[in-house]
Amino acid sequence: MPSNDARILLQAAVPTAAVGAIAAVVSGVVAGGKGALGAVVATLVVVLFMGLGLYVLQRTAKSLPHLFQAMGLLLYTAQILLLFIFVAAFKNTSLFNPKSFALTLVVTTLVWIGAQARAHMKAKILYVEPDSSKAEKPENKGHSS
């Protein structure tokens, strides 16, 4: 993974994990151990789904750049659907508190998306690869009327 991609992944994962830790503490206080477990599971699911999605998107951008935008839309749609399916599958679970799980899932997903957008805006990624061997200054021949 190139350094820009790793930096963007890190800049999205760290705030998400921090918000997930805060959510685990709050859920633990409000709903007990099962609430904290639900928040931790939700945070792990978001980091895994979104991190894997970012990795797939970056690989697509490198190998099939003409499909980048379509792949991004498809990927984010699939991620939201998978998260919805995950919430629906575990809404009546007794393993952890489903409300703290669902709320943490939504909050950490929003934090990931915001942090990833901020990381992309702050990154100085060239959209044109400069080629120094072919870069020649054009001669100024003036205007012809």
Side-chain angles (χ1 to χ4, degrees), residues 1-140:
M1 183 176 263
S3 64
N4 278 337
D5 300 342
R7 193 174 307 122
I8 289 171
L9 179 65
L10 186 65
Q11 289 176 351
V14 169
T16 303
V19 169
I22 293 167
V25 170
V26 170
S27 295
V29 169
V30 172
K34 288 191 177 195
L37 182 61
V40 168
V41 170
T43 303
L44 291 175
V45 166
V46 168
V47 170
L48 179 69
F49 279 14
M50 296 300 196
L52 187 62
L54 181 62
Y55 176 74
V56 168
L57 195 58
Q58 295 303 329
R59 294 276 315 246
T60 301
K62 303 258 183 295
S63 60
L64 303 167
H66 59 283
L67 293 178
F68 180 71
Q69 186 176 14
M71 185 63 167
L73 291 171
L74 177 67
L75 182 68
Y76 287 124
T77 302
Q79 285 175 328
I80 297 300
L81 285 174
L82 283 172
L83 291 174
F84 178 75
I85 290 169
F86 215 88
V87 168
F90 287 101
K91 71 178 179 181
N92 294 323
T93 187
S94 61
L95 296 173
F96 48 78
N97 186 310
K99 287 183 182 180
S100 65
F101 170 77
L103 187 60
T104 303
L105 196 71
V106 169
V107 170
T108 53
T109 299
L110 293 174
V111 168
W112 179 283
I113 291 170
Q116 184 179 350
R118 182 180 184 277
H120 275 290
M121 289 187 326
K122 294 282 187 182
K124 299 193 190 283
I125 301 171
L126 299 173
Y127 58 91
V128 175
E129 294 290 333
D131 189 10
S132 61
S133 66
K134 292 184 180 180
E136 297 177 14
K137 292 184 179 180
E139 293 181 25
N140 191 0

To the nearest 0.5 angstrom, please state how far the [atom1] atom of [X] sits from the [atom2] atom of [Y].
X	Y	atom1	atom2	result
Leu9	Gln58	CG	CD	9.5 Å
Leu57	Met50	CG	CE	12.0 Å
Phe49	Ile80	CZ	CD1	10.5 Å
Arg118	Ile8	CZ	CD1	12.0 Å

Please, which pairs that meet side chain to side chain donor-acceptor pair (under 3.5 Å) have at least one residue in residues 101-113, sequence neighbours excluded?
Trp112-Gln116
Report the residue from Leu105, Ile113, Val107 that forms a side chain to side chain contact (heavy atoms under 4.5 Å, CB included) with Val46.
Leu105
Residues that Gln79 engages under side chain to side chain donor-acceptor pair (under 3.5 Å), provided they are two or more places apart:
none
Holding to side chain to side chain donor-acceptor pair (under 3.5 Å), I want the full list of residues that pass it with Arg59, two or more places apart in sequence or in another chain.
Tyr55
Which atom pairs, one a donor and one an acceptor, fall under 3.5 Å between side chains of residues 28-45 and the rest of the protein, sequence neighbours left out?
from	atom 1	to	atom 2	distance (Å)
Lys34	NZ	Ser94	O	2.7
Thr43	OG1	Ala39	O	2.9

Parallel, tilted or perpendicular, as decided by the 30° and 60° cut-offs, for the rings of Phe96 and Phe101:
tilted
Please list every donor-acceptor pair under 3.5 Å in which a side-chain atom of residues 12-27 meets a protein atom from a residue at least two apart or in another chain.
from	atom 1	to	atom 2	distance (Å)
Thr16	OG1	Ala12	O	2.7
Ser27	OG	Ala23	O	2.8

